[in-house]
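Data block below; observations after.
When a ligand or atom number is given, it counts from 1 through the structure's own listing order. In this text the structure is predicted, and so the values were computed from the model without any measurement.
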Amino acid sequence: MQVLTRPWGAMHYRIDGPADGPVVVFANSLGTDLRLWDQLIAEMPEVRAIRFDKRGHGLSDEGGDFGVEDLAEDAVALIEHLGVGPVVFVGLSIGGMIAQTLAALRPDLVRAAVLSNTAVRMGTKESWAERIAAVQSTGIGAIADIIMQRWFAPVFRARPELAAWRNMVLRTSAIGYVGACRALASADLTAATSGLSLPVAVIAGDQDGSSTAELVKATADLIPGAAFHVIPDAGHLPCVEQPAAFAAILRDFLRENSK
Ligand SMILES: O=C(O)CC1=CCC(=O)O1
């Protein structure tokens, strides 16, 4: 068990893969912990995979009030603590917002970025306020079924693993979940992301009920030279639903963009 002590508490992280492999840091989404990447990392044993539980998620502490920039500062602290920069940084959804913010704040630490199922703005202030109110009044159970529909394509929702993913969101700290919703409500990365000049690959799922392929493409279009990929038969979490397809894109990207 590996923990980095931050001013707000303990940040849990994990490293897998060979010490001489290309270093890739992974940032997970709202309501998921670092197990989000299990299937993808199993497809890519050659990678030195570093992943962490952002504040309020997984085994990390709740971490008070925070914005996306604070989450990016946590990623900076981890990369500097491990002395592994510049890295390839892969982020999904709010993790992709962490990636965009980190690349803008500290281009010296990010060699290249993969932005999965993310955008410069996600949802609206009103939609996040509704979600926060539902969680605060009734708990995450109130929204768990809707979240599963947003995360997964219908074929995946018929699989037995769905129960485990539902449990993952249900077991997320309500304080941490609401904190991340607040960070999402106030994030608009348009200016920072439009100024990015590193190699970027952007990934969408053709059945994403949360960040549609059109929304994700609009963000790709802001970044000069960004490659855009749509993974078929995938919802919001293509690294879970289609890990081989995700790994193929990431492997090609690493071939061009890791040392
Ligand atoms: O829970 C969702 O709707 C999906 C999502 C939005 C931001 C994020 O990180 O996940």
Is it true that [X] and [Y] make a salt bridge, defined as a side-chain N closer than 4.0 Å to a carboxylate O?
X    : Y    : answer
D188 : K125 : no
R251 : E43  : no
R51  : D16  : yes
D145 : R166 : yes

Any chance you could lay out the side-chain hydrogen bond (donor to acceptor under 3.5 Å, both in side chains) test for W8 and D74, step after step, and finish with the verdict? CA-CA 10 Å; W8 49 266; D74 293 335; 2.9 Å; yes

With heavy atoms under 4.0 Å as the rule, classify the contact between [X] and ligand 1 as side chain, backbone, both or neither.
X    : result
S29  : both
M148 : neither
L92  : neither

Enumerate donor-acceptor pairs with a distance under 3.5 Å from any side-chain N or O in residues 94-115 to protein atoms, sequence neighbours excluded.
from: Q100; atom 1: OE1; to: T193; atom 2: OG1; distance (Å): 2.7
from: Q100; atom 1: NE2; to: G96; atom 2: O; distance (Å): 3.2
from: Q100; atom 1: NE2; to: A119; atom 2: O; distance (Å): 3.2
from: T101; atom 1: OG1; to: M97; atom 2: O; distance (Å): 2.7
from: R106; atom 1: NE; to: D108; atom 2: OD1; distance (Å): 3.0
from: R106; atom 1: NE; to: D108; atom 2: OD2; distance (Å): 3.4
from: R106; atom 1: NH1; to: E80; atom 2: OE2; distance (Å): 3.0
from: R106; atom 1: NH2; to: E80; atom 2: OE2; distance (Å): 2.9
from: R106; atom 1: NH2; to: D108; atom 2: OD2; distance (Å): 2.8
from: R111; atom 1: NH2; to: P86; atom 2: O; distance (Å): 3.2

Per-atom contacts, ligand 1 versus [X] - under 4.0 Å to a heavy atom:
X    : answer
S210 : 2 (C), 3 (O), 4 (C), 5 (C), 6 (C)
W151 : 1 (O), 2 (C), 4 (C)
I147 : 1 (O)
R131 : 1 (O), 2 (C), 3 (O)
S93  : 5 (C), 6 (C), 7 (C), 8 (C), 9 (O), 10 (O)

Would M97 count as a contact residue for ligand 1, given that I'm defining contact as a non-hydrogen atom of the residue lying under 4.0 Å from a ligand atom? no

Examine I94 against ligand 1 and note whether any of their N/O atoms are separated by less than 3.5 Å. yes

M122 N/O under 3.5 Å from ligand 1 N/O: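 N/O-N/O distance under 3.5 Å: no.
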
Nearest 0.5 Å please: distance from the NE2 atom of H236 over to the CD1 atom of I147.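 Taking NE2 in H236 and CD1 in I147, the distance rounds to 9.0 Å.
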
Partner residues of P160 under the side chain to side chain contact (heavy atoms under 4.5 Å, CB included) criterion, sequence neighbours left out: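 Partners of P160 by the side chain to side chain contact (heavy atoms under 4.5 Å, CB included) criterion come out as none, since no residue qualifies.
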
